[in-house]
Amino acid sequence: MFRKSALGVVAAGAAIALLSACGAGPGSTRSASADGGGSDELVFAAIPSEQSDDLEKSFAPIVSALEKDLGVPVRFQAVTSNAAVVEAQVAKRVDIAVYGAFSYYLARSRADVEPVAVPLAAPGGEPGAYAYGVTRGDDTSITSLKDVAGKDVCFTDPGSTTGYLQPLASLREAGVDVDKDVKTVFTHGHDTAVASLLAGDCDIAFVGDVFIDQLLPARGQLKPGQVTKVWTSPLIPGPPVVVGRWLPQATRDKIIKTVTGLTAAGAASAGLCKGSEIKGPKNWGQYADAPACTLGASTAWTFVPATDATYQPIARICEITKAEVCTSGG
């Protein structure tokens with residue numbers, strides 16, 4: 001049994017704590033209980049994304065599949081911030097949520113939750129992304145992170161995992177103090193980081209793998225041989241599907257089975273997004289251009305199971321960098 005609830009949208013920052021205390025936060029009509037049980041509805045929350053114009057429509061196939069398999073209504077609501085969803089899960093007012101990996105790192109020590117799934121961008125892909133360190137193709141002065149000392153470095157943005165936080169952690173592990181040993185240039189974009197590198201504004205740029213492997217070459221902004229990849233990060237996990245452990249184990253098992261059993265093309269064939277189908281992107285191989293459903297805010301192909309161990313790379317980044325995002329849940 002699940003407790004019937006409604007989900008409200010709250011403001012970020014200091015207002016979150018105030019509204020939550022007054023009962024106006026996400027899922028505010030649900031009164032918290034020791035086990036979170038005793039209702040006939042589940043609450044599913046997610047964060048608006050630049051990649052999705054209609055968040056509710058993006059998650060509709062997942063919500064529909066969950067309702068069918070669980071046999072109970074699933075109420076979806078977009079929430080204004082990662083922090084608002086974390087607070088709601090602390091109060092056991094949101095049963096299922098999708099938010100950033102750093103927000104899960106914050107939530108894991110405060111809320112009784114667990115990650116159960118992580119998206120794959122393409123068939124046969126990996127559940128996350130890599131950061132690359134790239135140099136100009138004719139520059140052989142940098143072959144490892146240790147060589148970055150004394151150089152000019154292009155990062156994307158202080159809040160970017162692939163463009164700053166993971167490289168920062170790895171540079172520190174390599175003995176390079178970014179505050180003392182390098183000149184830092186923030187370009188505020190992955191494409192602009194590569195452009196700045198090619199223009200000679202820095203000696204190495206740290207960017208997300210998809211920009212080097214797919215996006216910039218496809219746009220004609222990066223030609224073969226223009227850059228050399230000198231460093232690849234550990235896998236950085238994608239945004240998790242996080243479930244409250246107050247739900248019965250059988251329910252959590254069904255949620256995992258349902259979410260990881262979906263594929264974008266399969267969901268379309270099952271009629272889970274009639275009238276809202278998209279065409280599969282080129283990196284879907286044999287499923288490129290096939291009718292498909294959106295599975296969340298990004299163009300995910302499917303989800304694979306995840307556990308707390310999946311997010312240990314995030315924990316390590318936080319331990320090394322002490323970054324603000326590790327305490328604010330951004």
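Here the shortest heavy-atom pairing between G125 and L120 reads O-CD2, 3.7 Å. Smallest separation of non-hydrogen atoms from F303 and L295: CZ-O, 3.7 Å. The two atoms that bring A265 and Y287 nearest to each other are CB-CD2, 4.1 Å, heavy atoms only. Contact detail for P305 and T260: the closest heavy-atom pair is N-CG2, 3.7 Å. The two residues V194 and V207 make their nearest non-hydrogen contact at CG2-CG1, 4.0 Å. Here the closest non-hydrogen pair linking Q89 and G244 is NE2-N, 4.4 Å.
Among the candidates D308, V98, V86, V241, the single residue satisfying the side chain to side chain contact (heavy atoms under 4.5 Å, CB included) test with Y104 is D308. Just one of E56, E67, E41 meets the salt bridge (charged side-chain N to carboxylate O under 4.0 Å, His left out) condition when paired with R75; it is E41.
With hydrogens and angles left out, the side-chain atoms of T135 and D139 include no donor and acceptor closer than 3.5 Å. Checking D95 against W246 by side-chain atom types alone, a donor-acceptor pair falls below 3.5 Å.
Remark: the backbone N or O of L106 is paired with a side-chain donor or acceptor of S109 at under 3.5 angstrom. At least one donor-acceptor pair closer than 3.5 Å links the side chain of D203 to the backbone N or O of D152.
Separation of the F59 and F44 ring centroids falls under the 6.0 Å cut-off.
Proximity of I236 to T162: side-chain heavy atoms (C-beta onward) are separated by under 4.5 Å at one or more points.
Atom CZ of R252 has more than 12 heavy atoms from other residues, nucleotides or ligands within 6.0 Å. Atom NZ of K151 has more than 12 neighbouring heavy atoms from other residues, nucleotides or ligands inside a 6.0 Å radius.
Ring-plane geometry between F155 and F186 is classed as tilted, the angle between the planes lying from 30 to 60 degrees on a 0 to 90 degree scale.
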